[in-house]
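In what follows, residues are counted from 1 in the order of the sequence shown.
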Amino acid sequence: MSRELFEENLQKIKPLLAKFSAEPIRHFINGESVVAFNGKTFSNHSPVDNSLIGAVSAGTAEDIDIACRAAEAEFDDWAALPGKQRKELLHAIADAIEANAENIALVESFDTGQPLRFMKKAAIRGAENYRFFADMAADARNGLSLPAQQHMNYSTRQPIGPVGIITPWNTPFMLSTWKIAPALAAGCTVVHKPAEWSPCSASLLINIMHEAGLPAGVVNTVHGIGEVAGKALTEHEAIKAIAFVGESQTGSAIMKQGADTLKRVHFELGGKNPVIVFDDADLERALDAVVFMIYSLNGERCTSSSRLLVQSTIAEEFVEKVRARVAALNIGHPLDPATEIGPLIHPIHLNKVASYFDIAKDEGATIAIGGNVPDLDGKGCFVEPTLFTKATPDMRISQEEIFGPVLTAIEFVDEADAVEIANSVRYGLAGYAWTGDAGRAIRLGRDLDVGMIWVNSENNRHLPSPFGGMKASGIGRDGGDYSFDFYMETKNVCIATDDHHVPKLAKV
Ligand code: NAD
């Protein structure tokens with residue numbers, strides 16, 4: 001059955017890929033698809049077999065300038081559109097995404113290497129992002145009533161202006177919608193710079209949005225290399241804020257690049273997230289969650305639980321169970337419905353992930369399973385799912401974001417020890433804990449230095465809840481009203497209600 005569905009998927013993707021190979025992916029500026037200003041392109045390959053998918057327009061500062069000017073010109077009209085109309089339009093986009101969900105998932109899967117079983121949900125989640133923020137659009141301007149003794153204060157919000165959105169290659173479709181939908185609901189216009197290693201689904205998204213009725217110039221997509229097109233976007237004077245998802249190091253560069261134009265920034269960056277398993281936990285459920293949260297999405301996930309902190313009383317038995325599950329993971333073509341682990345995004349990233357196999361050995365850790373790159377003669381960026389054991393908290397494999405299907409297991413003695421190890425990294429995005437002790441669950445919620453904590457659960461998203469990290473994992477929060485705080489300016493209006501004393505100067 002799985003084999004038949006796989007064959008079906010291979011047939012279904014052929015006409016989609018034919019479009020990408022027929023002509024270069026173009027920018028989409030002011031409602032039109034256009035080639036790069038200087039006519040240049042770069043190549044985009046599939047990590048499945050390193051085959052050429054097609055060429056992509058290589059944006060430079062000129063393309064970014066044209067796109068930013070379009071977003072600037074359209075801003076007043078878009079910001080003035082009644083929330084109800086924005087809501088209807090965003091729902092229409094969500095409908096169109098749902099109608100195209102299968103094609104989006106197939107293309108995303110082939111372009112990124114992410115197994116189709118996960119990408120199906122990512123496309124649907126993209127539609128949910130539009131629906132969720134559509135319903136919030138009408139109230140986005142609402143503020144607070146803040147009465148004082150002789151004055152009435154109230155706050156209100158207005159969209160900040162045209163914004164730049166820069167997205168990474170991991171689940172690029174879902175992440176683009178997670179940023180673009182709230183910006184549009186708030187009344188901002190957008191210039192989007194997708195990741196150069198995964199440009200295909202951004203091109204589908206911008207077309208879908210316009211076919212659903214988005215006015216020209218409201219969202220503009222410029223493809224290109226981060227250090228060129230991305231940099232120009234962060235430096236452009238028409239752009240008032242940059243919403244960025246990517247590596248911590250890139251966030252730091254963007255902050256510098258945006259300094260001259262005083263950019264507001266929102267950063268969702270890297271992580272080295274702990275999953276802490278105590279001996280009083282439901283260990284079967286914990287085992288499922290530990291395996292899922294690092295080996296799903298190829299481990300190329302900011303909230304992956306890449307450090308397993310396991311209590312020494314159960315460590316040997318629990319880690320052996322993890323090892324057995326890793327041994328049974330199904331590696332294969334991402335379009336095969338049976339596949340659990342697909343190829344990594346790009347040969348450069350594959351080399352980075354694989355470099356940690358030697359680092360682990362040099363540091364004295366044990367590779368309990370995996371640790372190899374299959375010899376496929378340069379055909380595909382596959383890596384074995386890997387488990388490092390006997391690791392200590394100070395090792396590089398315990399400190400650095402590897403961003404692949406690679407788990408580092410570290411033992412701890414008690415709760416204090418677990419918290420110290422969990423907090424001993426530069427990142428602070430997410431933390432997971434498994435325990436049967438309710439008091440401990442609350443203490444961990446207090447003591448872990450991370451932006452999001454899940455207790456007795458894998459990553460379970462709730463769109464109104466704040467999403468984001470502390471330390472080197474980010475600045476700011478997304479989700480619900482938190483997103484509007486970023487895409488909008490808050491204004492306070494203070495009106496005197498009585499004849500209060502006004503100070504007099506220069507009495508005559
Ligand atoms: P990256 O930082 O290399 O690239 C992200 C984007 O930034 C790309 O579009 C790239 O072209 C652009 N870029 C690169 N240099 C730039 C510059 N100087 N100026 C402007 N733009 C520039 O990240 P990546 O490798 O594509 O993505 C993986 C990283 O993203 C991981 O670290 C992961 O943890 C992180 N991530 C974080 C979250 C989160 O919510 N915290 C979510 C997903 C991914």
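Counting only distance, with no hydrogens or angles, the side chain of Thr41 and the backbone of Ala58 share no donor-acceptor pair below 3.5 Å. Listed for the Lys84 side chain is no donor-acceptor partner under 3.5 Å among the backbone atoms of Ala138. Of the possible polar contacts, one joining the Ser46 side chain to the Phe110 backbone as a donor-acceptor pair under 3.5 Å is found. With hydrogens and angles ignored, the 3.5 Å screen pairs a side-chain donor or acceptor of Gln114 with a backbone N or O of Leu297. Although no hydrogens or angles enter the test, the distance criterion places no donor-acceptor pair under 3.5 Å between the side chain of Ser176 and the main chain of Ala202. Not one N or O on the side chain of Ser296 forms a donor-acceptor pair closer than 3.5 Å with the backbone of Met293. Ser109 places no side-chain N or O within 3.5 Å of a backbone atom of Leu106 that could act as its donor or acceptor partner. In this structure, the side chain of Asn220 engages the main chain of Asn30 through a donor-acceptor pair within 3.5 Å. Proximity of a side-chain donor or acceptor of Thr386 to a complementary backbone N or O of Glu384 within less than 3.5 Å is detected. At least one donor-acceptor pair under 3.5 Å links the side chain of Asn330 to the backbone N or O of Ala338.
Distance check: Ile206 CD1 to Ile180 CD1 gives 6.5 Å after rounding to the nearest 0.5 Å. We find the CH2-CG distance between Trp178 and Asp478 to be 5.0 Å, quoted to the nearest 0.5 Å. In this structure, the separation between CG on Leu329 and OG1 on Thr339 is 11.0 Å, given to the nearest 0.5 Å. Between Ser57 atom OG and Lys40 atom NZ the span is 13.0 Å, to the nearest 0.5 Å. Atom CZ of Arg69 sits about 12.0 Å away from atom CD1 of Ile64, to the nearest 0.5 Å. The SG atom of Cys68 sits 4.0 Å away from atom CD1 of Ile239, with the distance rounded to the nearest 0.5 Å.
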Query - Derivation and outcome, side chain to side chain donor-acceptor pair (under 3.5 Å), residues Asp49 and His333 - result: CA-CA 9 Å; Asp49 51 8; His333 194 296; over 6 Å; no

Query raised in the report: Would Tyr356 and Glu400 satisfy side-chain contact (heavy atoms from CB on, under 4.5 Å), going step by step from the backbone distance to the final call?
Result: CA-CA 10 Å; Tyr356 282 93; Glu400 297 174 12; 2.6 Å; yes

Requested in this report: Just do the side-chain contact (heavy atoms from CB on, under 4.5 Å) check on Lys272 and Arg307 with the steps written out, would you?
Outcome: CA-CA 7 Å; Lys272 188 73 179 177; Arg307 285 184 295 155; 3.8 Å; yes

**Report entry** Tyr427 and Cys302: CA distance, side-chain angles, deciding distance, side-chain contact (heavy atoms from CB on, under 4.5 Å) verdict
**Finding:** CA-CA 11 Å; Tyr427 297 106; Cys302 57; over 6 Å; no

Requested in this report: Could you walk me through whether Ile97 and Leu205 pass the side-chain contact (heavy atoms from CB on, under 4.5 Å) test, one step at a time?
Outcome: CA-CA 8 Å; Ile97 292 175; Leu205 177 62; 4.1 Å; yes

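A 4.5 Å side-chain heavy-atom check between Pro405 and Val383 finds at least one atom pair inside the cut-off. In this structure, Asp336 and Ser2 have side chains that are in contact, with non-hydrogen atoms separated by less than 4.5 Å. Contact of the Glu237 side chain with the Glu72 side chain is not registered, since no non-hydrogen atoms from C-beta on lie closer than 4.5 Å. Within the 4.5 Å cutoff, the side chain of Phe6 has heavy atoms near those of the Leu335 side chain. Between Arg86 and Leu184 there is no side-chain heavy-atom pair separated by less than 4.5 Å. Inter-residue side-chain proximity for Ile402 and Ser306 is flagged as unmet; no heavy-atom pair is nearer than 4.5 Å. Put simply, the side chain of Val35 reaches to within 4.5 Å of the side chain of Arg26, judged on heavy atoms. Contact check for Phe20 versus Ser203: side-chain heavy atoms found under the 4.5 Å cut-off.
When all heavy atoms are compared, the tightest approach of Gly332 to Phe382 is O-CE2, 3.2 Å. Nearest approach of Met152 to Leu146, heavy atoms of both residues: CE-N, 4.0 Å. The two atoms that bring Gln257 and Glu235 nearest to each other are O-CG, 3.5 Å, heavy atoms only. Taking both residues in full, the closest heavy atoms of Val190 and Ala183 are given as CG2-CB, 3.9 Å, listed atom of the first, atom of the second, then distance. Cys381 and Pro347 get closest at one heavy-atom pair: SG-N, 3.5 Å. Here the closest non-hydrogen pair linking Gly113 and Asn298 is O-ND2, 3.3 Å.
Applying side chain to side chain donor-acceptor pair (under 3.5 Å) to Arg157 and the options Asp485, Thr490, Asp139, Asn142 leaves one that passes, Asp485.
Here ring-ring contact (aromatic ring centres under 6.0 Å, His included) pairs that include residues 226-266, with residues two or more places apart or in two chains, are Phe244-Phe267, His266-Phe486. Applying the salt bridge (charged side-chain N to carboxylate O under 4.0 Å, His left out) definition to pairs two or more places apart or across chains, those involving residues 100-128 are Lys12-Glu102.
More than 12 heavy atoms of other residues, nucleotides or ligands shown are found within 6.0 angstrom of CD on Glu7. The environment of CD in Glu88 is crowded: more than 12 heavy-atom neighbours from other residues, nucleotides or ligands sit within 6.0 Å. Annotation for Tyr154: atom OH does not count as buried by contact number, only 12 or fewer foreign heavy atoms lying within 6.0 Å.
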Pairs under 3.5 angstrom only: tabulate donor-acceptor contacts from the side chains of residues 161-173 to other protein residues two or more places apart or in another chain.
from, atom 1, to, atom 2, distance (Å)
Thr167, OG1, His192, NE2, 2.8
Asn170, ND2, Glu300, O, 3.2

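Of the charged side-chain nitrogens involved, at least one lies within less than 4.0 Å of a carboxylate oxygen, so that Glu268 and Lys179 count as a salt-bridged pair.
A donor-acceptor pair shorter than 3.5 Å cannot be found between the side chains of His223 and Asp63. A side-chain donor-acceptor contact under 3.5 Å links Thr261 and Lys263. For the 3.5 Å distance criterion, the side chains of Asn273 and Thr303 fail to qualify, holding no donor opposite an acceptor.
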